[in-house]
Amino acid sequence: MFSDIKAGDTTPTHNHSSVRDWIVGDACTIHYTVMEQQHNAQESPTKPSEYDPDINQDELIKAQEKQIAEEIKANTAMIGSLDDLSTLEQEYSNDPVYSGKVKTLLPKYCNVRRTRPDGNCFLRGFIFAYLEYCIHHRDELARFKKYLEGSKEELFEMGFPKFTTEDFHDMFMEVVSDLEGSGSVDRVEAVCNDGGTSDYLVVYLRLLISSHLQKNAEFFSFFIEGGRTVEEFCKQEVEPMYRECDHLHIVALTAAVGVGVRVMYLDRGEGAAVASHDFPEDSTPVIHLLYRPGHYDILYNKA
Amino acid sequence: MSTPARRRLMRDFKRLQQDPPAGVSAAPTENNIMIWNAVIFGPHDTPFEDGTFKLTLEFTEEYPNKPPTVKFVSKMFHPNVYADGGICLDILQNRWSPTYDVAAILTSIQSLLDEPNPNSPANSLAAQLYQENRREYEKRVAAIVEQSWLNFQDEDEGEDMKKDT
């Protein structure tokens with residue numbers, strides 16, 4: 001199967017065969033030596049020191065980020081269990097501002113589901129809560145499936161790479177079709193906690209947001225800080241995984257998918273009550289999320 | 001065992017075979033799909049022309065959510081390439097998108113060769129020469145272009161020797 005590899009048209013003829021050797025792994029001794037050296041270098045203890053231009057700073061930063069991410073991963077499920085809202089009250093027993101505000105949530109909400117704080121919490125919370133809602137509202141699931149089907153072509157038109165976009169789209173369709181057949185909340189919980197599947201859903205939602213923002217770039221450009229274009233904003237803040245969702249992401253996603261979301265803002269802001277906001281404005285929310293600075297969890301309405 | 005990362009890497013490889021981009025090629029190593037070898041040919045009409053630069057791509061199970069670690073194995077002289085071959089390129093760090101595949105990564109690195117960003121230097125000498133003494137910069141690049149052929153020739157000789165014994 002490797003013989004099919006074509007080098008580009010710039011291949012100088014004198015080394016064509018050895019280029020292929022290198023690629024197909026027959027001649028990877030050099031490569032392995034390099035890898036071993038790097039490995040050994042990583043194991044030796046390094047003390048923090050002044051900036052050294054010869055050290056690959058990107059690698060150091062990456063390693064540290066990875067360590068933090070691993071710790072979060074080990075401690076929290078992507079979508080946690082259905083907890084009583086009183087657990088939230090307990091969290092803030094020593095904090096009069098927060099505990100006072102949590103009390104105002106108790107008459108309306110009964111449960112909370114915590115999500116993993118990995119920068120994908122809004123999107124993961126959104127898709128879990130929405131698919132869970134769809135389990136009980138089959139007509140909505142059918143509508144969503146139809147929307148998803150059409151969204152692929154829309155993304156292609158916006159210039160997203162066909163080959164990879166299709167991969168994320170197909171996985172999403174598979175999940176929705178599977179829920180149509182034998183959907184249960186347990187199944188949604190399993191899907192959203194399965195690393196590969198869950199992340200693919202999040203990636204696709206990010207593409208939908210990016211597409212919606214870019215399609216309406218003229219409007220959204222007024223809300224983007226730092227002199228960036230809408231496209232730059234999407235490349236930096238929307239499409240990469242683990243990047244937190246802000247107001248703008250939520251406006252775009254809820255408008256694109258046509259799903260109402262109510263966010264309850266639990267913070268140190270003024271007033272005794274928890275501020276709330278509906279996306280899109282004046283919509284009827286089917287999903288309720290709890291916002292605490294930098295993080296979103298899922299809230300459950302009292303029936 | 002098939003994981004999302006491995007499934008996607010097989011897809012990437014299939015695409016590289018069916019629709020190979022000009023001037024780059026890559027394939028997984030024989031016994032580990034998470035480690036790939038690649039070659040980037042220096043783009044025409046640039047100081048890197050005719051160079052055959054080897055790279056390795058090391059993926060984790062988090063691919064495509066996170067980018068692979070990409071390194072030049074061939075000696076490189078470029079403002080955005082570290083001494084250890086590591087590459088300072090935004091799409092391999094904070095602008096990574098899961099929609100990039102191996103072909104996209106390699107063609108981006110290929111364009112980086114002639115479009116360096118001297119403002120975030122990984123090789124300060126290369127960045128300085130690129131901005132202040134283009135002649136000397138191109139001389140140094142020419143040297144690593146020649147070296148890139150030698151690497152392949154060494155291997156050819158090594159292979160021949162093996163065949164002789």
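Every chain is numbered from 1, with letters handed out A, B, ... down the list of sequences. As the structure is a computational prediction, the values presented were derived from the model and not from experiment.
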| said: Less than 4.5 Å to any heavy atom of chain A: does that hold for the side chain of B/R11, its backbone, both, or neither? | reply: both
| field | A/I61 versus chain B, the contacting section by heavy-atom distance below 4.5 Å | value | neither
| task | Would you indicate whether the side-chain heavy atoms of B/P64 and A/F168 approach each other to under 4.5 Å? | result | yes
| field | A/E70 atom CD, over 12 foreign heavy atoms within 6.0 Å | value | yes
| remark: Heavy-atom closest pair (B/T99 atom, A/T164 atom, distance to 0.1 Å) is O-OG1, 2.7 Å
| field | Interchain contact, B/E62 with chain A, by part (heavy-atom threshold 4.5 Å) | value | side chain
| query | Relative to A/Y242, does B/K66 satisfy both conditions: NZ or CZ under 6.0 angstrom from the six-membered ring centre, and within 45 degrees of the ring's axis? | reply | yes
| task | For side-chain contact (heavy atoms from CB on, under 4.5 Å), just list the numbers for B/R8 and A/Y200, CA-CA rounded to whole Å, side-chain angles, deciding distance to a tenth of an Å, and then say yes or no. | result | CA-CA 11 Å; B/R8 170 61 191 270; A/Y200 264 48; 3.7 Å; yes
| message | Rounded to the nearest 0.5 Å, what separates atom CD in B/Q93 from atom CD in A/E65? | response | 9.5 Å
| Would you call B/P98 and A/Y204 a side-chain contact if the rule is heavy atoms closer than 4.5 Å? | no
| said: Taking side chain as everything from C-beta outward and backbone as N, CA, C, O, which of these in B/D90 sits under 4.5 Å from a heavy atom of chain A? Side chain, backbone, both or neither. | reply: neither
| query | Which one, A/E237, A/R243, A/R206, A/M171, leads in non-hydrogen pairs under 4.5 Å with chain B? | reply | A/R243
| query | Under a 4.5 Å heavy-atom cut-off, does chain A meet the side chain of B/I40, its backbone, both or neither? | reply | neither
| field | A/P161 portion near chain B, given a 4.5 angstrom heavy-atom threshold | value | side chain
| query | Which pair of heavy atoms, one from A/G196 and one from B/P4, lies closest together, and at what distance? | reply | CA-CG, 3.3 Å
